[in-house]
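Structure first, then comments.
Sequence lines set the chain letters: A, B, ... in the order given, protein chains first and strands last, and positions in each chain run from 1.
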Amino acid sequence: MIKKIKGTNDVIEDLYIWEWVEEKFRNVAKNLGFLEIRTPIFEATELFNRSVGTDTDIVQKEMYTFEDKGGRSITLRPEGTASVMRAFVEHSLDSKGLPQKFFYIGSMFRYERPQAGRLRQFHQYGVELIGSPLPIADAMVILMATESLKAIGLSNFKLKINSTGCEKCRPRYKEALREYYKPILAKLCDDCQTRYDKNILRLLDCKRDVEYAKSAPNIIDYLCDDCKSHFEGVRRLLDTLGLEYEIDPSIVRGLDYYTRTVFEIKYPSLGAQDAILGGGRYDHLVEELGGKPTPSVGFAAGMERIMIALKAENKLPSPPIPDVYVVTVSEGQRPHALKISRELSKTFSVDVDLMGRKLKSQFKNASKEGARYVLVVGEDEIKSGTYTLKDMSNGNQMKLSLEDVMKHLEKTL
RNA sequence: GUGGCUGUAGCUCAACUGGUAGAGCGUCGGACUGUGGAUCCGAAUGUCGCGGGUUCAAGCCCCGCCAGCCACCCCA
């Protein structure tokens, strides 16, 4: 048997949940003036090297990269922001005026070992607000994040924010961290030893050496005046909106392009992979991709993790059921039943037996599928032009003309 | 990439210290030849994850691979 590739998933019975969630997210985004965008699922490898950063784990070991038949290096997108920004630059969308506001829902690919809440092909809902340097842009994006989660009924999530400063203040902070950790380096775990050289910020969210991280220098104290007032501006707006958040100095995002604001939404009961959404500001990404300086903010949310959270909170929508199940008594009525099904399906969701089962089994089937009504098309019905409509919730039956059947369904469904 | 646990019917799981595969649920049918959700009866379906080894004999033991789950790393 050919089986699906490791770390991929078939969504079959649960698809209606996905559709429902996506609809809610689209609504939130569209009502705030964001335009849905679909970019290619693969891009030139160079795009991700430039945007995500050559030193990041994503680029170094997690990308699905291959050469196409023309000898080009192609990569399955590991995240969505790079493509949206590329499209923004490629189509000179700044000429349409700023800001430009986009959202997307789609597949991302990362070659990682699968575990709870982590797949190799996964899906993200993401938002990009391009062109505004102001704190209100950060606040808008964070608001969209929380509103989206609330729109699907989630409540047990925690918003955490931080600032990673800019090219002026971040080096100063890194230096301070190096000085702090240098004398105790030998006491740290093996991973932290390598993190010290590779990416010192990562020492802050090590799961083992938490004690040392607690008393480490806090980036907030090292922010330059501009970054500090920007961060305070964002906080004031979040306070105005009444959003609860925690300032968490250990939030260090794994992509190189972040500047200033970074944030995460955690769903603590999910297990090790408890971040359902992450984002921040990336003020230099457009320049990096060859456009004019265009400060931007955005986030990406993990659809699969959101699905797990939804199930945990028991906030699932109800599954789709047929409104009417059309049933025949014998073979001769099948053509008639098919025609009636066509009429009914213009307004209602209809199911009809396609297996040639006998009447009783058709009823069983209708019941199993949760059909609200069964319409019997038998010899008598065809002769008289009045059909037997049975309400499966209480067993009541009545004989109605097709027109009256339609009316009755419209009234009661 | 590393580590732990797991892999028997569509699903959940059983099979004593190795003796050659079973139950419940589900599916389909019948009891009930124009009526469901209850009950009863019956039927079908397994390369026992794959490959190799040990043995008279392997679902069970050994090795390798693959897959799943969980964790590390990292992230959504």
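Here, B:C28 and B:A9 have their C1' atoms 15 Å apart, quoted to the whole Å. Nucleotides B:G46 and B:G4 are separated by 36 Å at their P atoms, to the nearest Å. When the P atom is used for both B:G42 and B:C25, the distance is 13 Å, rounded to whole Å. Rounded to whole Å, the C1' atom of B:G22 lies 23 Å from the corresponding atom of B:G29. Between B:C40 and B:C69, the two P atoms lie 37 Å apart (nearest whole Å). When the P atom is used for both B:A67 and B:G49, the distance is 16 Å, rounded to whole Å. Spacing between B:C65 and B:U6 at atom C1', rounded to whole Å, works out to 16 Å. B:A57 and B:U17 are spaced 16 Å apart, taking the C1' atom of each and rounding to whole Å.
Side-chain to base pairing of A:Arg118 with B:C74: one donor and one acceptor N or O lie within less than 3.5 Å of each other. Within 3.5 Å, no donor on the side chain of A:Gln362 pairs with an acceptor on the base of B:U35, nor the reverse. Judged by distance alone with a 3.5 Å cut-off, no donor-acceptor contact links the side chain of A:Arg113 to the base of B:C70. Side-chain atoms of A:Glu381 come within donor-acceptor range of the base of B:G34, with a qualifying N/O pair under 3.5 Å.
Residue A:Glu379 is in base contact, counting any heavy-atom pair closer than 4.0 Å across all strands shown. Residue A:Gly7 is in sugar-phosphate contact alone, with no base atom involved, counting any heavy-atom pair closer than 4.0 Å across all strands shown. Base contact: A:Gln397 has a heavy atom under 4.0 Å from a base atom. Within 4.0 Å of A:Gly126, counting heavy atoms only, lies no atom of the nucleic acid at all. A:Ile306 comes within contact range of no nucleotide atom at all, as no heavy-atom separation falls under 4.0 Å. Note on A:Lys390: a base of the nucleic acid sits closer than 4.0 angstrom, heavy atoms only. No engagement by A:Ala366 is indicated, since no non-hydrogen atom pair under 4.0 Å with the nucleic acid exists. If you check every strand for non-hydrogen atoms under 4.0 Å, A:Lys360 touches a base. Across all strands shown, A:Ser330 has no heavy atoms under 4.0 Å from either base or sugar-phosphate atoms.
Here the side chain of A:Lys364 is nearest to one of B:U35, B:G36, B:C75, namely B:G36. Among B:A76, B:A31, B:C73, the nucleotide with an atom closest to any side-chain atom of A:Gln115 is B:C73. The nucleotide whose nearest atom lies closest to any side-chain atom of A:Asp191 is, among B:C73, B:A76, B:A71, B:C73.
Distance A:Phe363 CZ to B:U33 P: 15 Å, rounded to the nearest Å. Following rounding to the nearest Å, A:Ile308 (CD1) and B:C70 (C1') show an atom-to-atom distance of 13 Å. Note: CG (A:Asp274) to P (B:A71) measures 10 Å, nearest angstrom. Per the geometry, CD belonging to A:Glu112 stands 12 Å off P belonging to B:C73, to the nearest Å. The interatomic distance linking A:Lys368 (NZ) with B:U27 (C1') rounds to 8 Å, in whole Å. Rounded to whole Å, the distance from CD on A:Gln333 to P on B:U35 is 14 Å. The CG-C1' distance, from A:Leu359 to B:U33, rounds to 10 Å in whole Å. Rounded to a whole Å, the CG atom of A:Leu201 is 15 Å from the C1' atom of B:C74.
Mapping A:Gly117 and A:Thr8 onto RNA chain B by nearest heavy atom places A:Thr8 closer to the 5' end of the strand. Residue order along RNA chain B, read from the 5' end via each residue's closest nucleotide, puts A:Asn394 first among A:Asn394 and A:Lys61.
The closest side-chain heavy-atom distance from A:Thr259 to A:Arg170 is below 4.5 Å. Contact of the A:Phe88 side chain with the A:Thr294 side chain is registered, since non-hydrogen atoms from C-beta on lie closer than 4.5 Å. Put simply, the side chain of A:Ile265 does not reach to within 4.5 Å of the side chain of A:Lys158, judged on heavy atoms.
Panel note: side chain A:Tyr180, backbone A:Tyr212; a donor-acceptor pair is recorded below 3.5 Å. For the pair A:Arg202 (side chain) and A:Val252 (backbone), a donor-acceptor distance under 3.5 Å is present. For A:Asp353 (side chain) and A:Gly356 (main-chain N/O), a donor-acceptor pair under 3.5 Å exists by modelled atom type.
Pair check for B:A23 finds B:U12; Watson-Crick or G-U wobble, both atom distances under 3.5 Å. With a 3.5 Å ceiling on both atom-pair distances, B:U45 lacks any Watson-Crick or G-U wobble partner. Nucleotide B:C61 is matched to B:G53 when pairs are restricted to Watson-Crick or G-U wobble geometry with both distances under 3.5 angstrom. In this structure, B:U35 forms no base pair with any nucleotide, since neither Watson-Crick nor G-U wobble geometry is met with both distances under 3.5 Å. With both pairing distances under 3.5 Å, B:C73 is matched to nothing as a Watson-Crick or G-U wobble pair.
Between A:Thr388 and B:G34 there is no side-chain polar atom (N or O) within less than 4.0 angstrom of OP1 or OP2. Between A:Lys3 and the phosphate of B:A67, there is no side-chain N or O to OP1/OP2 separation shorter than 4.0 Å.
Side-chain contact of A:Ser148 with A:Tyr125: a donor-acceptor pair under 3.5 Å is present, judged by distance alone. Under the 3.5 Å distance criterion, with hydrogens and angles disregarded, no donor-acceptor pair is assigned to the side chains of A:Tyr258 and A:His284.
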